[in-house]
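Right, one structure below, let's go through it.
Per chain, numbering begins at 1; letters A, B, ... match sequence-line order.
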Protein chains: 2
Amino acid sequence: MENDAIAKSLKLYIVLSRAYKAINEHVNKVIQASGLNPTEFAVLELLYHKGDQPMQQIGGKILLASGSITYVVDKLEQKGLLIRVACPSDRRVTYAQITDEGKKFIQDIFPEHAAQIDRLMSSLTDSEKTEAIDLLKKLGLPAGKF
Amino acid sequence: MENDAIAKSLKLYIVLSRAYKAINEHVNKVIQASGLNPTEFAVLELLYHKGDQPMQQIGGKILLASGSITYVVDKLEQKGLLIRVACPSDRRVTYAQITDEGKKFIQDIFPEHAAQIDRLMSSLTDSEKTEAIDLLKKLGLPAGKF
DNA sequence: CTAAATTATCTCGATTTCAAAGTTATTATA
DNA sequence: TATAATAACTTTGAAATCGAGATAATTTAG
């Protein structure tokens, strides 16, 4: 029945939402204990792992409106964790660049962050995680969707 | 290596987040086109499918703070989609109850909502969906986690 | 029966996020 | 060049959410 197929998709949506929210709730606790909010952490981690980023691209990568980027970058700059750097070749562009203090901050936090995520994923075996990664990858790129 | 295991958990966290956000972005568009925001929709759908709910339990089921429940229920009440009903046996308790107008609203929206979710899940085969449901269920109940 | 503890809801203020409009710089067209 | 179109970033104001405290009702202990 086509109805069963739709019901299964709905079920998948529900368990996907639950899993994400359950995991995230705990991940965010660790982050917030560090004094940053989840968005600030995401920006700083992006800069740490991927290098300098133009302001606008930050929004694309962590799904944030342009107005919010300015706000978050302001906060992180005030805390001394990043600085704005003008782009030499295009004066419209400003890069966000992590500072040494910011790097130190991530280095302090990240191991516990990663360990927490690993704990939260421990209900799956190693090979189940591999399966789940493959399945979720397909869901993550809704190509010709509407 | 233990490090590979942690790396795999991190990878799973990333693809889980991406999948959820990608799906949700599109689901929310359909909901918002109906004139409700995602939270309002979640509350109304809960009442439609599960019947009257005490205010407090709404918060538990859709993960919302008590202060927010009052706000959302106010909005839905103003729109005539639900009403507050005093509990006869415990005067501290207020039930939220969907109105006929609210039911009609859900009946109008839900088929498209479900169809959209089904489209967004169409990158998985039926049996892959079953696999994904089983795996995500395990992730969704972080029992003795910290 | 009274006092204390608990429970349900609401109010209030702060935080976060977004959308829309504004500013400034660059690029394309004539 | 001008002029217009585009692009990057900022500002502003509103909406959503939360946390903490307030209010009111109920239950429990003594």
Subject >> Interface with DNA chain C, restricted to residues 42-63 of chain A and to heavy atoms under 4.0 Å >> reply: A:Leu63
Original post:
What does A:Ser66 touch in the nucleic acid at a heavy-atom separation under 4.0 angstrom: a base, only the sugar-phosphate, or nothing?
Top reply: base
Original post:
Under the ring-ring contact (aromatic ring centres under 6.0 Å, His included) rule, what pairs show up with a residue in residues 34-69 of chain B, not counting sequence neighbours?
Top reply: B:Phe41-B:His113, B:His49-B:Phe110
Subject >> NZ/NE/NH1/NH2 to OD/OE distance under 4.0 Å, A:Asp118 and A:Lys129 >> reply: yes
Original post:
Under 4.0 Å between a side-chain N or O of B:Asn37 and OP1 or OP2 of D:dA15?
Top reply: no
Subject >> side-chain contact (heavy atoms from CB on, under 4.5 Å) involving B:Ser127 - partner list, sequence neighbours excluded >> reply: B:Thr125
Original post:
With A:Glu25, which residues qualify under side-chain hydrogen bond (donor to acceptor under 3.5 Å, both in side chains), at least two apart?
Top reply: none
**OP:** Using side-chain contact (heavy atoms from CB on, under 4.5 Å) as the criterion, list what pairs up with A:Gln56, not counting sequence neighbours.
**Re:** none
**OP:** Remember a base hit wins even if backbone is also touched, and classify B:Leu64 as base, sugar-phosphate or nothing at under 4.0 Å, heavy atoms.
**Re:** sugar-phosphate
Original post:
Got a sec? Which of residues 73-92 of chain A come in under 4.0 Å of DNA chain C, heavy atoms?
Top reply: A:Lys75, A:Asp90, A:Arg91, A:Arg92
**OP:** Determine which pairs satisfy ring-ring contact (aromatic ring centres under 6.0 Å, His included) with at least one residue from residues 67-99 of chain B, sequence neighbours left out, and list them in order.
**Re:** none
Subject >> First-last contacting nucleotides on DNA chain C - partner chain A, under 4.0 angstrom, heavy atom >> reply: C:dT16 to C:dT26
**OP:** Taking side-chain contact (heavy atoms from CB on, under 4.5 Å) as the test, write out the residues that go with B:Ala7, two or more places apart.
**Re:** none
**OP:** To the nearest Å, give me how far apart CD1 (A:Ile69) and P (D:dA7) are.
**Re:** 16 Å
**OP:** With B:Gln53 as reference, evaluate B:Ile98, B:Val43, B:Leu47 under the side chain to side chain contact (heavy atoms under 4.5 Å, CB included) test and give the passing residue.
**Re:** B:Leu47
Subject >> Short side-chain N/O contact to D:dC18 OP1/OP2 from B:Ser68, under 4.0 Å >> reply: yes
Subject >> Contacts of A:Asp90 that satisfy side-chain hydrogen bond (donor to acceptor under 3.5 Å, both in side chains) - sequence neighbours left out >> reply: A:Arg92
Subject >> Residues that B:Ser66 engages under side-chain hydrogen bond (donor to acceptor under 3.5 Å, both in side chains), provided they are two or more places apart >> reply: none
**OP:** Using side-chain hydrogen bond (donor to acceptor under 3.5 Å, both in side chains) as the criterion, list what pairs up with B:Asp74, not counting sequence neighbours.
**Re:** B:Arg84
